[in-house]
Amino acid sequence: MSGMVFNHPAFLYGLFALLIPIIIHLFNFRRYRKMMFSNIEFLKQITVQTKKQNELKQLLVLLTRLLAITAIVIAFADPRWERAGEEISENDKLSVIYVDNSFSMTAEGEEGRLFDRAASTAKTIVNEHPDDTRIVLLTNETGSSPRPMTKEAAISEIEQIDVSPSQRNLSSVLRTVNRVMVDNKAKGVASYLISDFQRNAFDFNQFPMDTSGIFYFIPMLHASTRNVYIDSCWVEQPFLLPGRPFDLHIGVSNASDNPLEKIPLKLSVNGLQKAAAGVDLEAEDRQTLKVTVVPDRIGWNYGIISLEDYPITFDDSYYFTFRVQSRIPVMVINGPDSGMSLLKFYVSDSTFDLTSTGYRNINYNVLDQFALIVLNSLPGYSSGLISQLKRYLENGGNVLFIPSHDGNRAEENLFLRAVNAGKIIAADTNSTRVVKIRESHPLFREVITAIPDNADLPMVNWHVRYQYAVSSGMESLATMLNGDDFLITRRVKKGNLFLLAVSLHPSSGNFATHPLFVPVMYGTALQGQTSRNLAYIVGKDITLETKQGRNQVGDLPYRLVRKSDGYTVIPEQMMMGSKFLLNTHDGITENGFYDLQLQDSIYHVFAYNYNRSESDQRFLTPEELEAELQQSGIRQFNVVGDTLETTGELAGILQKESDVWKLFIIFALLLLLAEIMILRFWK
């Protein structure tokens with residue numbers, strides 16, 4: 001059935017005010033003065049006529065007053081008409097309010113912190129709704145199926161919202177709104193989206209096309225867009241050794257329209273300040289700083305890069321960790337005619353931790369623990385060894401291939417084809433020598449400063465010739481006088497493969513005793529693996545890998561323990577070979593250092609930082625927001641041009657769907673005007 005319903009029915013109790021004019025009318029205690037007349041015949045006629053006129057006049061005044069009071073009360077009760085056949089159910093008395101509580105909302109607006117203003121606006125919206133409305137409150141941390149709540153519960157929830165590292169794209173919010181409507185069988189839901197509308201979160205191309213209801217976009221405008229932040233850091237050296245300097249690269253960004261000078265930046269390692277600098281940045285500029293660090297502590301080191309910037313401070317510190325090795329682990333797999341030169345070199349240098357094994361006694365389970373595996377003139381390659389070496393390379397290891405003087409070329413080529421490194425086509429016994437070295441390659445860069453034109457380079461009496469496609473990614477590092485490659489490298493996913501053209505047998509030449517032998521063997525070991533991540537991002541679902549032995553999982557699981565306060569997370573974990581795969585899920589919510597522990601032993605250390613996407617200070621203006629929404633799938637929307645100045649302005653917005661109350665206000669004013677006219681002109 002069609003009829004009138006009220007958004008604020010409690011105001012209808014104001015109809016009791018109708019009794020006031022009725023009581024005044026019935027109990028009129030006006031006193032009459034008696035006057036003596038000798039002849040009252042004509043006066044009686046006048047009195048009767050005047051009394052009838054007064055009664056009619058008073059009834060009309062009473063009626064206008066009653067109708068005026070009724071109209072005012074109904075206007076305050078906020079009436080609306082139901083359409084015939086479309087009676088509104090309880091499920092349709094539903095509103096959705098989204099409060100953006102990401103880090104960018106900690107900035108200052110014209111009236112204080114944006115997040116505080118957003119929470120206040122959300123409470124105002126709740127209070128302006130009818131008492132029987134159910135509210136669904138969304139934040140960046142809300143799950144996929146939020147439940148409706150009463151107005152009182154919504155106000156309580158809003159007061160408990162805090163700023164969170166979580167970020168949410170607007171398309172995700174709209175999909176949740178659609179799910180709320182489906183789950184609650186509601187239609188025509190009004191949704192209020194309160195945010196600063198960062199550009200990188202406004203993905204209107206991903207908006208759901210079946211979005212219905214009406215949406216109110218309420219932007220919180222920033223007073224300033226200044227923000228300087230540290231976005232990343234990395235090192236190029238894969239292995240860090242005590243006392244050996246390395247370069248730490250630091251990315252610093254200026255997310256503002258103005259150039260900034262002398263931004264103070266500090267680097268601390270293990271609680272001690274290692275460097276300080278002043279950074280100059282142009283508007284919308286990014287720079288990479290290089291700081292030299294000399295590690296003095298073996299094992300895990302904790303680093304913090306910090307700068308001073310206001311008002312957005314969540315991105316002013318960047319946590320990272322790095323591990324300093326006491327020695328570099330190297331495995332040499334020897335063939336029967338491999339010689340002793342390799343063993344003598346690695347044993348004589350305390351930098352290396354050598355493991356030597358025969359080609360028949362390889363322990364495949366420990367391969368991942370080594371920085372470099374040297375295949376020293378193996379007579380043959382089994383399918384098991386080939387598959388293990390390929391996996392080792394793809395996971396970040398390095399392999400140095402040294403051909404066998406009298407080996408099986410077919411089996412050697414099986415290995416080379418498996419890693420897409422061409423093949424050996426022949427052995428060449430003509431004497432030649434090395435004539436060119438690619439000094440700029442990292443293999444030689446830190447060891448060889450310059451090679452004179454007449455340098456004494458290795459003599460070669462025997463070598464193999466490699467053939468490979470130009471598109472294979474093979475890169476020549478040293479060539480011989482006849483044009484053949486002496487040393488070649490190829491990237492195999494995360495790892496590096498090095499191919500030597502000569503064996504270390506004395507009949508092959510003098511490479512094993514030549515000074516070039518040291519930088520080649522040293523360089524391949526230092527290139528032992530790709531540098532791991534120094535830091536991870538809070539809120540991103542990342543699978544972490546740790547190269548640990550087989551430890552008990554289940555009764556004694558690994559734990560991630562925050563170093564600052566002991567907060568503990570037990571991540572999802574599984575063993576894969578000699579690696580543990582740890583899935584953090586939602587357990588990591590704050591930045592800082594997290595120790596991977598089994599009982600009381602620390603096996604790994606991870607550094608987590610807040611997502612820098614919130615550092616981007618580009619926001620949509622109300623005009624830009626409206627233009628973008630015109631291209632989206634939203635059919636009904638309203639952009640509030642600025643932060644709401646008064647509760648009355650918000651109340652006006654909330655009343656846009658029903659203007660019936662205005663008609664009752666106009667009717668009440670007309671009745672009051674009619675009363676004035678009656679009292680003034682009815683004589």
Side-chain angles (χ1 to χ4, degrees), residues 330-349 352 354-362 372-382 385-386 389 398-416 419 421-437 443-444 455-468 476-489 497-525:
V330 175
M331 171 181 274
V332 177
I333 304 175
N334 296 296
D337 59 347
S338 57
M340 298 298 294
S341 54
L342 266 180
L343 302 182
K344 290 179 180 179
F345 168 75
Y346 285 124
V347 169
S348 64
D349 194 329
F352 301 102
L354 175 65
T355 297
S356 179
T357 183
Y359 72 100
R360 297 182 185 275
N361 304 311
I362 304 171
L372 172 68
I373 295 177
V374 182
L375 306 176
N376 190 10
S377 300
L378 304 190
Y381 290 80
S382 66
L385 176 60
I386 291 174
L389 289 174
N398 263 32
V399 171
L400 172 60
F401 172 82
I402 301 175
S404 173
H405 198 277
D406 299 313
N408 188 329
R409 303 291 174 234
E411 291 197 7
E412 288 178 330
N413 284 335
L414 284 176
F415 166 69
L416 295 178
V419 293
K423 63 181 179 178
I424 298 173
I425 57 174
D428 191 336
T429 57
N430 295 319
S431 296
T432 184
R433 62 186 177 89
V434 177
V435 294
K436 185 177 181 182
I437 295 176
L443 182 74
F444 300 115
D456 178 22
L457 294 176
M459 299 298 298
V460 177
N461 299 323
W462 176 95
H463 70 279
V464 296
R465 297 172 60 191
Y466 292 100
Q467 184 183 66
Y468 48 85
S476 180
L477 302 181
T479 55
M480 292 178 281
L481 185 62
N482 63 359
D484 290 345
D485 295 309
F486 179 79
L487 180 63
I488 316 170
T489 185
L497 173 68
F498 296 94
L499 305 179
L500 197 61
V502 299
S503 72
L504 302 183
H505 194 278
S507 62
S508 295
N510 67 344
F511 174 65
T513 58
H514 192 276
L516 185 64
F517 179 77
V518 175
V520 169
M521 298 305 161
Y522 205 95
T524 53

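All residue numbers refer to positions in the sequence shown, counting from 1. Source: prediction; values computed, not measured.
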Is the backbone of [Y] close enough, under 3.5 Å, to the side chain of [X] for a donor and an acceptor to pair up by distance?
| X | Y | value |
| --- | --- | --- |
| Ser377 | Pro403 | yes |
| Asn413 | Arg409 | yes |
| Thr489 | Leu497 | yes |
| Glu411 | Leu378 | no |

Review point. Rounded to the nearest 0.5 Å, how far apart are CG of Leu400 and OG1 of Thr524?
Key: 5.0 Å
Review point. So how far is it from Tyr359 OH to Asn376 CG, rounded to the nearest 0.5 Å?
Key: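 The distance works out to 13.0 Å.
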Any side-chain heavy atom of [X] sitting closer than 4.5 Å to one from [Y]?
| X | Y | answer |
| --- | --- | --- |
| Phe401 | Leu389 | no |
| Ile425 | Tyr466 | no |
| Leu372 | Phe352 | no |
| Thr355 | Tyr346 | no |
| Leu500 | Phe486 | yes |
| Leu487 | Leu443 | yes |
| Asp349 | Met521 | no |

Point to revise | Pair listing, salt bridge (Lys or Arg N to Asp or Glu O under 4.0 Å) test, anchored in residues 457-467, at least two apart | key: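 Counting only pairs at least two positions apart or across chains, the salt bridge (Lys or Arg N to Asp or Glu O under 4.0 Å) contacts touching residues 457-467 are Arg465-Asp484.
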**Study point:** Heavy-atom pair with the smallest gap, counting every atom of Met459 and Asn510
**Key:** N-OD1, 2.7 Å
Exercise for review: Considering non-hydrogen atoms only, spot the tightest contact between Phe444 and Leu477 and give its length.
Suggested key: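 Here Phe444 and Leu477 meet closest at CE1-O, 3.9 Å.
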Exercise for review: Return the orientation label for the Tyr522 and Phe345 ring planes: parallel under 30°, perpendicular over 60°, tilted otherwise.
Suggested key: perpendicular
Exercise for review: State, without any angle test, whether His405 and Ser507 hold a side-chain donor-acceptor pair at a distance under 3.5 Å.
Suggested key: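 Yes, side-chain donor-acceptor contact under 3.5 Å.
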Exercise for review: Using only heavy-atom distances, determine whether the side chains of Ser503 and Ser508 contain a donor-acceptor pair under 3.5 Å.
Suggested key: yes
